[in-house]
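Below: one structure, written as structure tokens.
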Amino acid sequence: MVITIGDGHETGIAMRRGNRMRQWAAAAVSTTLAMTLLVACSQDSDTPDPKSPGTNGQSPRSGLTKPGRPAFDPPMRFEGPGIELMAARQPSTTSGGASRPAVTLANGVAYITAEEGIEAIDTQTGEPRWEARTKNADDKGDSSSRTSPLVSADGKTVYAAWNRWVKGEGTAPGRAVIEVLAVDTATGKTAWSVEVPAAPSSTGLAASPIGAAEILAPQVIGVDATTAVVTAADTTYAVDPVAGTVRWKKADFLAVVLADGVVAGGERTGFREGRLTGVSVASGDQRWTISDAKRPARVGPGLLTAVLGAKTLVVDAAKGEQRLALDGGWGCLHDKQSLVLCSGSAGSAGSGRGIAVFDAASLEKRWALPDGSGRNVPRVSGFWHGAVYGEVVEDEGLVLDGMTGQDRETSAGVAPTEIDQFGGVSFGTDRPTFYRATR
């Protein structure tokens, strides 16, 4: 069975595909439902966020998480019944990285960038904890793509951004804005909110999106003690949350990482031309560049990737130093502890799947597949606390040891993309669903 959490938090029952899911569903009919929602954060902020008076979200519902909830760090096996997070689902028109559900999992709560605001769903009960709505309506008046919210490193604040429309009044015309919310995770109260005048998109028929994930929806990239960095339609804005003003903005620049006072990302310099650029978060002044490096993507704290010719570079965001160069096209993930995993094409010819894991500090290689042993190379779905999640056979998730590359669990149940100590979220059927961890 699958419990659906969607608009209005309406609950329904649906069958999950795959034999394993059907077995879980059948067993769940005769047992008490024990539900968990997983929340993890795919982006980090290293310093406290600024606070200013704001509006309150709906009243938080306390006492939802029961004592004695089993936690596994990292989890090895996942079971149903699942909880569908339909408010995190993207429009059917999205593809690639933009189709990833707009949900971040952190410490037993699913934070969702829903169409009307941020929703917090308790991952044990499946019940809403709170909802904080935006002030303005969607700029298109219908379903639009969103990005996963950013949860601060201390877990106290969650940030998200939306394209919104402010209605005209009197002789004042209506205007498009990017509305940004910062919400207290414990209470659901809005810590601050800002309306940023939206710049026209520079991405048209003649220009493809700058980022590797091809995401154009508004996104909060990072927050430090004085500034929130927001991107939308390949324009980056540095926002002062206290004053509610834009310190600087840079068109044709997609920020992906904020680290040590530097905003790093990709810059369009001409038709199908670009470079990696790092700028000061305080002023927007250029700090470093890497010419001809394109398609930037975030790896984790202080690191980003880009494509330069036939190689994938791993770059220090603050200094602009090239830390690693891999032949072929790779995407990299951080396990939120001490490892970096890169997966993609194993070789300059671009054929064959490969995995390589590195120490996050030194970027020394730990292990790689293929390794000549004949082992299958799984498709990687997630990486968390030293565990590699993926699958070789569809609907048969597995887990590898991030330190050694050896199999840790060959029947994990699902291959989650978001993981925490209580479970994982999978969206293999375009229906974002949380499954609880059982081992």
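In this text, all values refer to a predicted model and were calculated from it rather than measured experimentally.
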| Hey, does the Lys NZ or Arg CZ of R69 hover above the aromatic six-ring of F422, less than 6.0 Å from the centre and inside 45° of the axis? | yes
| task | Side-chain contact test, heavy atoms from C-beta onward, threshold under 4.5 Å: evaluate it for T305 versus V315 and give yes or no. | result | no
| message | If we check side chain to side chain contact (heavy atoms under 4.5 Å, CB included) with S152, which of these qualifies: V223, T157, V158, T185? | response | T157
| Qualifying residue, where the test is side chain to side chain contact (heavy atoms under 4.5 Å, CB included) with I419 and the options are S381, P75, P74 | P75
| said: Applying the side chain to side chain contact (heavy atoms under 4.5 Å, CB included) criterion to F383, which one of V388, L400, T417 satisfies it? | reply: V388
| message | If I take atom CG from residue N163 and atom OG from residue S145, how far apart are they, to the nearest 0.5 angstrom? | response | 7.5 Å
| Partner residues of D401 under the side-chain contact (heavy atoms from CB on, under 4.5 Å) criterion, sequence neighbours left out | M403, T404, R408
| message | When you measure from the side chain of R353 to the backbone of V377, do you find a donor-acceptor pair of N or O atoms at a distance under 3.5 Å? | response | yes
| said: Test your reading of the model: is there a side-chain donor-acceptor pair from T190 to the backbone of W192, 3.5 Å cut-off? | reply: no
| What is the minimum heavy-atom distance between E418 and T104, and which atoms define it? | OE1-CA, 4.3 Å
| Side-chain donor/acceptor of D234 to backbone N/O of I210, under 3.5 Å | yes
| remark: CH2 (W288) and NZ (K319) are apart, to the nearest 0.5 Å, by 13.0 Å
| request: Spell out, as yes or no, whether a donor-acceptor pair under 3.5 Å connects the side chain of Q90 to the backbone of R100. | output: yes
| said: One pair to check against side-chain contact (heavy atoms from CB on, under 4.5 Å): L181 and W162. What are the steps and the verdict? | reply: CA-CA 9 Å; L181 286 186; W162 298 258; 3.8 Å; yes
| field | R129/E127 salt bridge by N-O under 4.0 Å criterion | value | no
| message | For E169 and K167: C-alpha separation, side-chain torsions, deciding distance, then whether salt bridge (charged side-chain N to carboxylate O under 4.0 Å, His left out) applies. | response | CA-CA 7 Å; E169 185 175 357; K167 292 182 178 180; over 6 Å; no
| Considering all heavy atoms, the nearest P149-T113 contact | CD-OG1, 3.0 Å
| Any side-chain heavy atom of V262 within less than 4.5 Å of one from V281? | no
| said: For a side chain to side chain donor-acceptor pair (under 3.5 Å) check, start with the C-alpha distance between Q421 and D73, then their side-chain angles and the critical distance, and finish with the verdict. | reply: CA-CA 5 Å; Q421 65 269 38; D73 189 4; over 6 Å; no
| task | Determine, step by step, whether L324 and L313 satisfy the side-chain contact (heavy atoms from CB on, under 4.5 Å) criterion, reporting the C-alpha distance in whole Å, the side-chain angles of both residues, the deciding distance to 0.1 Å, and the verdict. | result | CA-CA 6 Å; L324 189 66; L313 305 181; over 6 Å; no
| request: Determine whether P197 and V177 make a side-chain contact, defined as any pair of heavy atoms from C-beta on separated by less than 4.5 Å. | output: no
| Heavy-atom check, side chain of V425 versus side chain of F78, under 4.5 Å | no
| Does T227 offer a backbone N or O that forms a donor-acceptor pair with the side chain of D224 under 3.5 Å? | yes
| Which atom of R366 lies closest to which atom of L339, heavy atoms considered | NE-CD2, 4.1 Å
| Is there a donor-acceptor pair closer than 3.5 Å between any side-chain N or O of E409 and the backbone N or O of S411? | yes
| note | For P101 and S148 the tightest heavy-atom approach is O-OG, 3.2 Å
| said: Strictly distance-based, threshold 3.5 Å: is any side-chain N or O of T245 a donor or acceptor partner for the main-chain N or O of A243? | reply: no
| query | If you look at every heavy atom in V166 and E195, which pair is closest and at what distance? | reply | CG2-OE1, 3.9 Å
| Counting only N and O atoms by type, is there a donor-acceptor contact under 3.5 Å from the side chain of T236 to the main-chain atoms of A255? | yes
| query | Quick one: does R295's side chain have a donor or acceptor within less than 3.5 Å of a partner on P209's backbone? | reply | no
| E267 CD to L276 CG distance, which is reported to the nearest 0.5 Å | 10.0 Å
| task | Kindly compute the distance separating CG (L333) from CH2 (W384), expressed to the nearest 0.5 Å. | result | 14.5 Å
| D407 versus L398: any side-chain heavy-atom pair under 4.5 Å? | no
| message | When you compare the side chain of V380 with that of I355, does any pair of heavy atoms fall below 4.5 Å? | response | yes
| request: Evaluate the side-chain contact (heavy atoms from CB on, under 4.5 Å) criterion for residues R247 and D240: first the C-alpha distance (whole Å), next the side-chain angles of each, then the deciding distance (0.1 Å), finally the verdict. | output: CA-CA 6 Å; R247 284 205 177 93; D240 182 335; 3.2 Å; yes
| query | Roughly how far, to the nearest 0.5 Å, is the CD atom of Q322 from the CG atom of L308? | reply | 6.5 Å
| request: Please name all residues satisfying side chain to side chain donor-acceptor pair (under 3.5 Å) with E391, sequence neighbours left out, ordered by chain then number. | output: R379
| So, D359 side chain and A361 main chain: donor-acceptor pair closer than 3.5 Å or not? | yes
| message | Working note: I118 + W130, criterion side-chain contact (heavy atoms from CB on, under 4.5 Å); need CA distance, chi angles, decisive distance, verdict. | response | CA-CA 8 Å; I118 301 176; W130 50 258; 3.8 Å; yes
| query | If every non-hydrogen atom of A264 is compared with every non-hydrogen atom of L304, which pair is closest and at what distance? | reply | CB-CD2, 4.0 Å
| query | Just wondering, do V230 and V196 contact through their side chains at under 4.5 Å, heavy atoms? | reply | no
| field | CZ on R89 to OG1 on T433, rounded to 0.5 Å | value | 10.0 Å
| task | Check whether any side-chain heavy atom of F253 lies under 4.5 Å from a side-chain heavy atom of T231, and answer yes or no. | result | no
